[in-house]
Amino acid sequence: PYTTLFRSNAVASGKLGGGGISPNEFNALGKSLAAQLASGNENAALGNVTNRWGELSAYQKQQLADLFAKYDISLSN
(Lines give C-alpha, C1' and ligand atoms only; values in the text may rest on other atoms or scores of the structure.)
Protein backbone atom coordinates (compact mmCIF):
# COMPACT_ATOMS: atom_id res chain seq x y z
CA PRO A 1 0.00 0.00 0.00
CA TYR A 2 2.83 2.43 0.75
CA THR A 3 4.47 1.96 -2.63
CA THR A 4 1.44 3.15 -4.57
CA LEU A 5 0.82 6.08 -2.24
CA PHE A 6 4.36 7.38 -2.42
CA ARG A 7 5.01 6.58 -6.05
CA SER A 8 2.09 8.79 -7.10
CA ASN A 9 3.06 11.49 -4.62
CA ALA A 10 6.67 11.41 -5.78
CA VAL A 11 5.65 11.88 -9.41
CA ALA A 12 3.39 14.76 -8.45
CA SER A 13 6.06 16.29 -6.23
CA GLY A 14 8.19 16.87 -9.29
CA LYS A 15 5.42 18.91 -10.88
CA LEU A 16 4.01 20.89 -7.96
CA GLY A 17 5.73 23.36 -5.71
CA GLY A 18 9.15 23.08 -7.33
CA GLY A 19 12.39 22.26 -5.58
CA GLY A 20 12.69 19.56 -3.01
CA ILE A 21 14.38 16.22 -3.34
CA SER A 22 14.03 14.14 -6.47
CA PRO A 23 10.89 12.05 -6.95
CA ASN A 24 12.94 8.85 -6.51
CA GLU A 25 14.45 10.09 -3.25
CA PHE A 26 11.04 11.21 -2.01
CA ASN A 27 9.54 7.86 -2.91
CA ALA A 28 12.24 6.02 -0.96
CA LEU A 29 11.97 8.39 2.01
CA GLY A 30 8.19 8.10 2.09
CA LYS A 31 8.23 4.31 1.97
CA SER A 32 10.86 4.17 4.72
CA LEU A 33 8.94 6.57 6.96
CA ALA A 34 5.65 4.76 6.35
CA ALA A 35 7.23 1.43 7.28
CA GLN A 36 8.77 2.90 10.44
CA LEU A 37 5.48 4.46 11.51
CA ALA A 38 3.51 1.30 10.74
CA SER A 39 5.88 -0.75 12.90
CA GLY A 40 5.59 1.68 15.82
CA ASN A 41 9.05 3.16 15.38
CA GLU A 42 7.96 6.81 15.63
CA ASN A 43 11.27 8.05 17.05
CA ALA A 44 13.25 6.72 14.09
CA ALA A 45 10.72 8.16 11.66
CA LEU A 46 10.85 11.56 13.36
CA GLY A 47 14.64 11.53 13.31
CA ASN A 48 14.69 10.68 9.61
CA VAL A 49 12.15 13.30 8.60
CA THR A 50 13.92 15.93 10.72
CA ASN A 51 17.21 15.19 8.94
CA ARG A 52 15.65 15.71 5.50
CA TRP A 53 13.05 18.42 6.29
CA GLY A 54 15.18 21.33 5.08
CA GLU A 55 15.65 19.71 1.67
CA LEU A 56 11.95 19.17 0.96
CA SER A 57 9.62 21.32 -1.11
CA ALA A 58 6.47 22.70 0.51
CA TYR A 59 4.45 20.07 -1.33
CA GLN A 60 6.69 17.24 -0.12
CA LYS A 61 6.50 18.55 3.45
CA GLN A 62 2.72 18.54 3.24
CA GLN A 63 2.67 14.96 1.94
CA LEU A 64 4.81 13.80 4.86
CA ALA A 65 2.81 15.87 7.35
CA ASP A 66 -0.32 14.09 6.09
CA LEU A 67 1.36 10.71 6.58
CA PHE A 68 2.46 11.52 10.14
CA ALA A 69 -1.00 12.93 10.94
CA LYS A 70 -2.41 9.43 10.42
CA TYR A 71 -0.39 8.48 13.52
CA ASP A 72 -1.42 11.59 15.49
CA ILE A 73 1.99 13.21 15.01
CA SER A 74 2.08 16.84 13.91
CA LEU A 75 4.91 18.06 11.66
CA SER A 76 5.48 21.75 11.02
CA ASN A 77 8.18 24.21 10.05
Side-chain angles (χ1 to χ4, degrees):
Y2 307 126
T3 303
T4 303
L5 171 69
F6 285 101
R7 182 169 294 136
S8 62
N9 288 346
V11 171
S13 74
K15 299 176 184 173
L16 298 174
I21 60 177
S22 75
N24 286 341
E25 284 181 281
F26 185 69
N27 183 37
L29 177 63
K31 287 194 292 186
S32 174
L33 293 170
Q36 289 171 333
L37 290 168
S39 66
N41 203 348
E42 291 93 352
N43 287 336
L46 284 168
N48 287 332
V49 78
T50 299
N51 289 340
R52 301 300 300 270
W53 194 253
E55 304 170 47
L56 302 174
S57 70
Y59 179 79
Q60 291 170 338
K61 288 178 181 179
Q62 185 58 55
Q63 295 302 302
L64 296 183
D66 290 348
L67 170 65
F68 277 77
K70 294 177 184 176
Y71 296 88
D72 296 321
I73 300 170
S74 176
L75 298 181
S76 65
N77 288 324

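All values reported here derive from a predicted model rather than from experimental measurement.
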Review item, side-chain donor-acceptor pairs of residues 42-50, under 3.5 Å, at least two apart:
| from | atom 1 | to | atom 2 | distance (Å) |
| --- | --- | --- | --- | --- |
| Asn48 | ND2 | Gln36 | OE1 | 3.1 |
| Asn48 | ND2 | Ala44 | O | 3.3 |
| Thr50 | OG1 | Leu46 | O | 2.7 |

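- Proximity of a side-chain donor or acceptor of Gln60 to a complementary backbone N or O of Ser57 within less than 3.5 Å is detected.
- Atoms CG and CD, on Leu75 and Gln62 in that order, are 9.5 Å from each other to the nearest 0.5 Å.
- For the atom pair Leu29 CG and Leu33 CG, the distance stands at 4.5 Å (nearest 0.5 Å).
- With values rounded to the nearest 0.5 angstrom, Glu55 atom CD is found 12.5 Å from Phe26 atom CZ.
- Taking NZ from Lys31 and CG from Leu67, the interatomic distance works out to 13.5 Å, rounded to the nearest 0.5 Å.
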